[in-house]
Amino acid sequence: MGIFDRFKKQGEDSEGKTGVFDPNQLKDFHPYDTGLAQTIQALAAEFHEKAMCARKPCDRDQFIALLGGISALRKTPGIPGPDQSGPDYFTALPRCASKEAEEECRAHLEKVFGITDKKSLLDFCMKEICCHSQYSDFRGFWEDQPPFDMAQLNKDALAFFQVARDFSAQFYPIVGNKGYLAWDISECIGHLRVGYACGILNRTELDQLAEHWILKAQIFENWADFAVSLICGELYWDFRHGAKLPELNQGLELWTRLVRILLEDDTAWGSGLWYDASNR
């Protein structure tokens, strides 16, 4: 649980509600001028200009794999990479090829992330990855619908909250209510993908856990839209972990390169494949 999560109202979900950005109607809106937002705005225009063909329907498994596209670009011990896979690499869920490969993958997860089973995998995702709930808290204050009383925060938590809120404000005109959701989806699905590949998760567990993120992803128009939210979320994740502007710019360069690979590959996001959960 994040330091702000215990104050959040339960049972409310406004992610699907899109509004028009009007800074004159916002409260406590003091975005940092880091130059990052200008770069992201240009990237958003670039991505949407390419944007790709209209959505093409795909099946649920293909969509789960595509949501974990960034994870597929990483070399994970024990999981076959693009050279060992066919043209369906980005749209198929991988499995370790042998018991030895499974053990190699599990050892990697334990050493790097402390993941040994389903519970530790989910705990890692919720505690170490997810950022969008914090963005939603910030948005509540900007839109004059505060989810909690900041007087309940101690001095250190209040200072961090205000700094993190103002850092995030620079991205609000670009991503709006979608915030950092694509980052959460991409990284959590990526870990589910690896957990399934090495047998930490069985097929039923993968399906049950992925369903949450499949439904959340329906807020995005296409992969270009998803990519912008993902990059903003990655920048906030780095910032939350102490990165300064030079490191943030390096992260921006790296993650821009990664999403471009996927957007320009017609077997990955460039295919336009998208699963419409409403048609089930």
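FYI, the numbering just counts along the sequence from 1.
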Salt bridge check, [Y] against [X]: does any charged N sit closer than 4.0 Å to a carboxylate O?
| X | Y | answer |
| --- | --- | --- |
| E221 | R55 | no |
| E104 | K75 | no |
| D207 | R60 | yes |

Test ring-ring contact (aromatic ring centres under 6.0 Å, His included) applied to F171 and Y32, step by step
CA-CA 10 Å; F171 304 128; Y32 285 170; over 10 Å; no

Hey, does the Lys NZ or Arg CZ of R203 hover above the aromatic six-ring of Y196, less than 6.0 Å from the centre and inside 45° of the axis?
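The answer is yes, since R203 meets both limits relative to Y196.
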
Within residues 224-247 or reaching into it, pairs that qualify as salt bridge (charged side-chain N to carboxylate O under 4.0 Å, His left out) - sequence neighbours excluded
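Non-adjacent pairs meeting salt bridge (charged side-chain N to carboxylate O under 4.0 Å, His left out): K178-D225.
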
Does any N or O in the side chain of S98 come within less than 3.5 Å of the main-chain N or O of A101, such that one atom is a donor and the other an acceptor?
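Checking the backbone N and O of A101 against the side chain of S98, a donor-acceptor pair under 3.5 Å is found.
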
Any chance the rings of W223 and F63 have centres within less than 6.0 Å?
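W223 vs F63: aromatic centres under 6.0 Å.
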
Tell me yes or no: between the side chains of S120 and D123, is some donor less than 3.5 Å from an acceptor?
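S120 vs D123: no donor-acceptor pair found between side chains.
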
Show the numbers, then the answer: is there a ring-ring contact (aromatic ring centres under 6.0 Å, His included) between W183 and W255?
CA-CA 11 Å; W183 161 264; W255 283 77; 5.5 Å; yes

If you define the side chain from C-beta out and look only at heavy atoms, does anything of P80 sit under 4.5 Å from Y89?
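No, every pair of side-chain atoms sits at 4.5 Å or beyond.
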
Evaluate the ring planes of F226 and W269, with Trp represented by its six-membered ring, and classify them as parallel (under 30°), tilted (30 to 60°) or perpendicular (over 60°).
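Judged by the thresholds at 30° and 60°, the geometry between F226 and W269 is perpendicular.
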
